[in-house]
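A note on names: the letters A, B, ... follow the listed sequences, proteins ahead of strands, and every chain is numbered from 1.
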Protein chains: 2
Amino acid sequence: MTPALKDLYVQKDKMYVATDCIIFGFDAGKLKLLVFKRRVEPFLGTWSLIGSFVRMEEDVSVAAKRVLTEITGLDNVFMEQLKAYGLADRDPGYRCVSIAQFALIRIDDYDKELTEKHGAHWFELEELPELVLDHSQMVEDAMARLKRKARYQPIGFELLPEKFTIPQLQSLYEAIYQKKLDDRNFRKKLMSLGLLIKLNEKDKSSSRRGAFLYKFDYDNYQKLVKSGYNFEIA
Amino acid sequence: MTPALKDLYVQKDKMYVATDCIIFGFDAGKLKLLVFKRRVEPFLGTWSLIGSFVRMEEDVSVAAKRVLTEITGLDNVFMEQLKAYGLADRDPGYRCVSIAQFALIRIDDYDKELTEKHGAHWFELEELPELVLDHSQMVEDAMARLKRKARYQPIGFELLPEKFTIPQLQSLYEAIYQKKLDDRNFRKKLMSLGLLIKLNEKDKSSSRRGAFLYKFDYDNYQKLVKSGYNFEIA
DNA sequence: CGTCATAAGCGTATTTTATACAGTTTGCTG
DNA sequence: CAGCAAACTGTATAAAATACGCTTATGACG
């Protein structure tokens with residue numbers, strides 16, 4: 001029963017509501033996570049996700065976006081709610097429910113000064129230190145979600161620059177799925193979707209020959225989704 | 001940043017935290033939802049999901065289970081968090097975040113008196129009335145989750161009696177996916193998984209010939225999952 | 001200036017899985 | 001004992017996933 005419906009006869013406690021952001025990036029073939037080092041007590045020196053309390057007049061999703069923008073200077077970032085974490089004793093200080101959100105950002109876009117000012121650091125996922133409270137659990141859950149979701153929704157592209165090469169895209173999917181993919185089959189599959197626009201430019205940063213750049217065709221994707229299309233990658 | 005980490009210098013508002021249950025059942029080839037009619041103001045007479053405020057010393061998931069047990073008399077029910085609903089104005093009365101949980105129950109198990117005493121009613125999904133607040137949205141989201149999750153996790157069995165027939169199982173999946181499936185292919189696929197235990201009993205309720213009863217092999221399923229197996233149904 | 005190394009890119013054969021479709025069996029009913 | 005309705009079985013075809021090897025482009029380097 002929703003609050004308004006039975007506020008007269010029910011135990012009604014108020015608590016803090018926070019939101020924490022699991023911020024993924026991708027660089028040099030590795031998935032990375034943006035975490036923060038505490039510079040004040042309590043928990044000084046421990047690593048933590050970035051987060052904030054949700055304010056009285058603020059949507060939970062808006063609170064998460066506010067935090068992300070404060071920290072990275074970025075707007076229009078892909079962000080989605082993961083789930084709420086509501087163990088009564090999850091925060092030793094006081095009762096607080098946290099709603100975790102995961103964000104995918106293009107790692108070279110973000111404002112470097114801004115993040116450094118906040119004590120931020122990019123960790124490779126495999127080298128992630130222990131995080132405060134239940135934040136490590138949040139990361140694990142977010143990773144599982146990303147792994148599953150990447151299969152049926154083109155969210156991987158949120159982690160790449162707007163223009164990317166097929167080998168880059170493949171290495172991203174390899175990082176997400178944590179396994180090697182066959183390059184010929186990967187290319188074939190991706191091309192057959194008809195959702196990549198080949199550009200007349202090459203990226204020469206990783207080979208003498210250079211690889212053609214592509215863009216993801218969001219317009220066509222939207223159209224296909226509307227007509228009931230269901231896509232899968234790898 | 002999590003509350004305890006910056007409580008000294010941050011705006012910190014308390015709000016209500018509630019949980020609402022989306023309770024699915026399956027009967028006579030139809031997916032059904034358990035909803036409640038308000039008997040007091042405000043919103044008298046409107047339909048609503050069942051829910052409760054989360055208490056100070058109570059895990060969110062425990063609160064949801066408490067509600068479910070109070071209403072249905074059932075314990076050990078499949079329940080999973082859907083997501084949090086946190087629009088600032090979702091409840092006109094006061095600021096309240098609700099964490100929606102969806103539950104799958106075996107419809108003939110639950111305590112009928114108990115539910116009726118609470119003004120409960122099973123609706124077929126297609127005939128569901130408008131619900132208060134954002135509850136209709138919750139149901140829609142839960143249905144989408146169920147539809148997707150049924151593909152890769154054997155949660156459908158939570159909606160059937162322990163012993164079920166293949167035609168029953170098929171009709172359940174048809175209800176979830178909202179489309180007809182080919183009976184020969186369905187049976188072939190399910191049998192090939194090696195996760196159904198054929199019993200030496202028949203259910204004669206829906207045909208003269210009777211259909212063999214099966215049980216889901218949870219033990220074997222657990223083993224397969226541990227060894228990295230990934231299954232898919234229909 | 002030629003060859004070497006490296007990553008990009010392409011094509012085909014094979015296996016696996018999904019789909020489409022038709023007929024037989026069982027057992028009660030009238 | 002004929003008729004009916006649902007349970008059950010099998011096979012052929014199409015589509016998708018996998019496995020695998022060779023060619024091409026281009027800067028580096030002797």
Side-chain angles (χ1 to χ4, degrees), chain A residues 28-30 147-148 150-152 160-161 163-215 224 228-234, chain B residues 28-30 150-152 160-161 163-215 224 228-234:
Chain A
K30 299 279 186 182
K147 226 163 155 174
R148 178 157 293 284
R151 289 202 109 70
Y152 63 87
L160 292 176
K163 301 173 182 182
F164 53 85
T165 69
I166 304 289
Q168 275 177 331
L169 186 59
Q170 180 175 344
S171 99
L172 169 63
Y173 273 94
E174 288 177 339
I176 293 175
Y177 297 151
Q178 295 168 312
K179 68 172 181 184
K180 283 266 162 242
L181 301 173
D182 181 277
D183 57 339
R184 295 152 287 192
N185 295 335
F186 182 82
R187 185 183 294 267
K188 198 190 315 173
K189 180 73 189 285
L190 264 287
M191 291 317 221
S192 75
L193 298 175
L195 291 172
L196 297 185
I197 301 166
K198 187 174 185 171
L199 303 177
N200 242 331
E201 302 169 63
K202 283 192 168 190
D203 172 284
K204 296 226 169 194
S205 61
S206 73
S207 76
R208 318 198 188 298
R209 183 182 178 176
F212 276 103
L213 288 163
Y214 291 80
K215 285 168 82 168
L224 287 173
Y229 174 72
N230 234 23
F231 100 131
E232 288 214 12
I233 292 181
Chain B
K30 299 280 186 179
R151 289 204 108 70
Y152 62 86
L160 292 176
K163 301 173 183 183
F164 52 85
T165 68
I166 304 289
Q168 275 178 330
L169 186 59
Q170 179 175 345
S171 99
L172 169 62
Y173 274 92
E174 289 178 338
I176 293 176
Y177 297 150
Q178 295 167 313
K179 68 171 180 184
K180 282 267 163 237
L181 301 172
D182 181 278
D183 56 339
R184 294 153 289 192
N185 294 335
F186 181 82
R187 184 182 294 265
K188 199 189 315 172
K189 181 73 189 287
L190 264 288
M191 291 317 222
S192 75
L193 299 175
L195 291 171
L196 298 186
I197 300 166
K198 187 173 183 172
L199 303 177
N200 242 330
E201 302 170 64
K202 283 192 166 189
D203 174 284
K204 297 224 168 194
S205 61
S206 72
S207 76
R208 316 197 190 298
R209 181 181 178 177
F212 277 104
L213 287 163
Y214 291 80
K215 286 169 81 169
L224 287 172
Y229 174 72
N230 234 24
F231 100 132
E232 288 215 11
I233 292 181

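Counting atom types as modelled, A:Arg184 pairs a side-chain N or O with a base atom of D:dG21 as donor and acceptor under 3.5 Å. B:Asn185 contributes a side-chain N or O that forms a donor-acceptor pair with the base of C:dA20 under 3.5 Å. Judged by distance alone with a 3.5 Å cut-off, no donor-acceptor contact links the side chain of B:Lys202 to the base of C:dT26. The base of C:dT19 sits with one of its N or O atoms less than 3.5 Å from a complementary donor or acceptor on the side chain of B:Lys188. At a cut-off of 3.5 angstrom, counting only N and O atoms as typed in the model, there is a donor on one side and an acceptor on the other between the side-chain of B:Arg209 and the base of C:dT25. Taking only distance into account, the side chain of A:Arg208 never meets the base of D:dA28 through a donor-acceptor pair shorter than 3.5 Å.
For B:Lys180 and C:dA20, the NZ to P distance is 15 Å, given to the nearest whole Å. With rounding to whole Å, A:Asp203 atom CG is found 9 Å from C:dA8 atom P. We find that CG of A:Leu190 is positioned 14 Å from C1' of C:dG9, with the value rounded to whole Å. Atom CG in A:Asp183 sits about 17 Å away from atom P in C:dT12, given to the nearest Å. In this entry the distance linking CZ of A:Phe186 with C1' of C:dA7 reads 16 Å, nearest Å. Atom NZ in B:Lys204 sits about 13 Å away from atom C1' in C:dT25, given to the nearest Å. When the P atom of D:dA7 is taken as reference, atom CD of B:Gln170 falls 9 Å away, rounded to whole Å. Between the NZ atom of B:Lys189 and the P atom of C:dA20 there is a distance of 14 Å, rounded to whole Å.
Considering only heavy atoms from C-beta on, A:Tyr214 stays 4.5 Å or farther from A:Asp203 through its side chain.
Between B:Arg209 and B:Lys202, the closest heavy-atom pair is O-NZ, 3.4 Å. Across every non-hydrogen atom of B:Ala234 and B:Tyr177, the tightest pair is CB-CE1, 3.3 Å. Scanning both residues, A:Asp182 and A:Gln170, for their nearest heavy atoms gives C-NE2, 3.9 Å.
Each of B:Gly210 and B:Glu232 was assigned the nucleotide of DNA chain C with the nearest heavy atom; the assignment lying further toward the 5' end belongs to B:Glu232. Taking for each of A:Ser206 and A:Lys198 the nucleotide of DNA chain C with the nearest heavy atom, the 5'-most of the two is the partner of A:Ser206.
If you check every strand for non-hydrogen atoms under 4.0 Å, B:Thr165 touches nothing.
For the pair A:Arg151 and B:Tyr152, the cation-pi test (distance below 6.0 Å, angle within 45°) is failed.
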